[in-house]
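Data first, discussion second: the structure below is written as structure tokens.
Just so it is clear, the values below take in all heavy atoms, side chains as well, and ignore hydrogens, waters and symmetry mates. Please read these numbers as outputs of a predicted model, since none were measured by experiment. Each chain gets a letter, A, B and so on, in the order the sequences are listed, and its residues count up from 1.
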Amino acid sequence: MIDLIFPDGSKRQYETGVTGRDVAASIAPSLAKRAALIKLDGALLDLDRPLEAGGAFEILMRDSPEALETLRHDASHIMAEAVQELFPGAQVTIGPSIDDGFYYDFARDEPFSLDDLAKIEQRMKEIVDRDEPITREVWKRDEAIEHFKSIGEAYKAEIIEGFPAGEEISVYRQGAWKDLCRGPHLPSTKAVGKAFKLTKLAGAYWRGDHRNAQLQRIYGTAWASEADLEAYLTRLEEAEKRDHRRIGRAMDLFHMQEEGRGMVFWHEKGLTLWRVVEDYMRRRLDAAGYAEVRTPQVLDRVFWEKSGHWEKYRPNMFVCETEEGEELSLKPMNCPGHVQIFKFGQKSYRDLPLRMSEFGACHRYEPSGALHGLMRVRAFTQDDAHIFCREDQIEEETARFIQLADSVHADFGLTRDHIALATRPAVRAGSDEFWDKAEAQMLAAARRAGVEPVIAEGDGAFYAPKLDWVLKDSIGRTWTCGTIQLDYVLPERLEAEYVGEDGQKHRPVMLHRAICGSLERFIGVLIENYAGAFPLWLAPVQVVVATITSDADDFAKQAARTLAARGLRVETDLRNEKINYKVREHSLAKVPVIAVIGRREAETGQLALRRLGSDRQEVISLEAAANMLALEADAPDVAREGQGARSSAETSAGVMESG
RNA sequence: GCCGCCUUAGCUCAGCCGGUAGAGCGACGCAUUCGUAAUGCGUAGGUCAGGUGUUCGAGUCACCUAGGCGGCACCA
């Protein structure tokens, strides 16, 4: 007999070998019908798996997250079965569930075509209709290797060969088809349902290594219900509409062309957005005690040899040669330059922490396949800074940075999903003791700022661990923006030092940090986050003054001048077009405020304001509108500071703080 | 870089079995002065990504090159 403890704490006894389905039926027949999986002491098991031991027991329904993941895994198996029925000789490799769906990698000489996807999907539905029971078998390792080799499944055999000798392995059978698999699975192909769709074809390397054979990956999405599938497909369409490349063109923000792959031509409106972001960042950094610098764009190769970049990243650097035969490289990063400034003149412990920032334009020759709109480019500008400090200042500086980064991200409408602590990678510099210490320092700093980071095993830079910000946008997608990395290596390599209290020379520690990452990418994220409908402070064009009749032209020009004088970005639309047309056009262009002027407004000196997304009109005097909009258009940091004292803040702009 | 798909007017896209290029929007012109998401009429605009080949004939078929897109790998 075994004891099962249910989620409500009650305990019941069952015969050894009882299945989850039996247990469910013993509670209620309807429960047995709706059950999909069971969980025993945290482990997911097949509904029909005979239970050998008791423990904490839970019956999972089809719509539970665990069952959905299992359903997706099942769908990948059904796809593999369909593929092998339709394309004999295609070898199976691996096929897991992923976010929103699944994939399976096949080895086959002929490429699959888009038409094949439709056929495979059709066959998958037939397999679901066949209602093939999915059953678990336990095989001996060596027999399994033999079996998979005998049927020509070299990859499966290789996977099993990687398991320890003597290990029992599980094979799942569905109909005449079987696959090596850890499980669990739903009881039959019918249980999977038909709310799935094959979405894309792709190449993928065996075991994720580009030196291995390239396999063909088929991606699919699968859901518990048709309605969920529909909702997902709609979500994809919505996401596509906010693609920053599409919006960038529609709003005339930037373009790219083949002569400068991975390089951005910023148009006036795009650069306006850029300047707003840069100005904001500069104010925040100034306020946080950073010293802004600028370092050379091109430096001799000996410089990069010394920093270590030449050896490791030479293929990814833009190198040029002069008439005299010097080899130079465009800077791929700013840190070595900042160390030179640090080393210029003698530094004292009193100078630390020294926070050196630069909007650093960098060039990296990224692989062609990596380029993606503004998100991955070859020429980019980092909101970079390096904090030179003593080891005992790491925690404090990191904690301060966490607060700054969080505050900046929030101002841009992005919420933090989590912070990842990226730990030691397989290939790394430094001893295990060093990594133990460095990881502990980053963790302690995060906790000091009230953050419990999610561990990202092996994701660290080769010289140090780092904290990475994972942000969530307005439709729930995540983006990685912002990082802080601990570095003991570069100061050593470039011989940075300061004089300590003891009069001796010491090595500072460097914290590499960025809040946006690159401005290019960050602006791309902002475009997608707001779908182009920027808040007033970010909008490239904040107000369009549109006339109804030409009688209003003079006042419209005067109104535009008045608003512009208050720092607002204003355009006029005096064209001989109907107001309907103008409203539609500027609404589609995501202009936050349309100020309409007809004969009435021109006579009374008023504006009829219409906000993007609303059809309400607010008719107020030009003076009142200017006051209101100018206040609203303040960047969040300015608004915070200027609360209640705005007029004096305006006149005191430019006053330097000393001290 | 690798695998697959794609490339037709400024943009979005039609174009059958190979028979000689089309729409909507936009631009431009004229008329219209019209109160909150498209006024009407007209005009211009294309070496069908580039190249080679097959063919009497290529936007359409084959091959090569470039770029784009989706993945993979990479991301200091």
If we call it a pair only when both distances are under 3.5 Å in a Watson-Crick or G-U wobble match, what pairs with [N]?
| N | result |
| --- | --- |
| C72(B) | G1(B) |
| C34(B) | none |
| A21(B) | none |
| U47(B) | none |
| C28(B) | G42(B) |
| C6(B) | G67(B) |
| U54(B) | none |

| said: Classify the ring geometry of F318(A) against Y365(A): parallel below 30°, tilted from 30° to 60°, perpendicular beyond 60°. | reply: perpendicular
| request: Specify whether F388(A) and H386(A) have parallel, tilted or perpendicular ring planes, treating 30° as the upper limit for parallel and 60° as the lower limit for perpendicular. | output: tilted
| Looking at R207(A) and D209(A), does any basic side-chain N land under 4.0 Å from a carboxylate oxygen? | no
| Do the charged groups of D252(A) and K269(A) touch, with an N to O distance under 4.0 Å? | no
Using whole Å, what does the distance between atom [atom2] of nucleotide [N] and atom [atom1] of [X] come to?
| X | N | atom1 | atom2 | result |
| --- | --- | --- | --- | --- |
| D573(A) | U33(B) | CG | P | 18 Å |
| M251(A) | C11(B) | CE | P | 19 Å |
| E110(A) | G4(B) | CD | C1' | 13 Å |
| H267(A) | G10(B) | NE2 | P | 15 Å |

| message | I need the N212(A) CG to H210(A) NE2 distance, nearest 0.5 Å. | response | 9.5 Å
| field | nucleotides 67-76 of chain B: protein proximity per nucleotide (B base, S sugar-phosphate only, - neither; heavy atom, under 4.0 Å) | value | SSSBBBBBBB
| Summary of protein contacts for nucleotides 35-40 of chain B, nucleotide by nucleotide, where a base hit scores B, a sugar-phosphate-only hit scores S (4.0 Å, heavy atoms) | BBBBB-
| task | For Q340(A) and T295(A), run side-chain hydrogen bond (donor to acceptor under 3.5 Å, both in side chains): C-alpha distance rounded to whole Å, both residues' side-chain angles, the deciding distance at 0.1 Å, then the answer. | result | CA-CA 9 Å; Q340(A) 304 314 306; T295(A) 58; over 6 Å; no
| task | Syn or anti for C17(B), please, going by whether the chi angle lies within 90° of 0. | result | syn
| query | Does NZ or CZ of K590(A) lie under 6.0 Å from the centre of the six-membered ring of Y530(A), at an angle within 45° of the ring axis? | reply | no
| message | Before you tell me yes or no, could you show the steps for E238(A) and K241(A) under salt bridge (charged side-chain N to carboxylate O under 4.0 Å, His left out), namely the whole-Å CA-CA distance, both residues' side-chain angles and the distance that decides it to 0.1 Å? | response | CA-CA 5 Å; E238(A) 290 304 313; K241(A) 282 186 201 154; 3.2 Å; yes
| query | Taking only residues two or more places apart in sequence or in another chain, which ones pass salt bridge (charged side-chain N to carboxylate O under 4.0 Å, His left out) with E601(A)? | reply | none
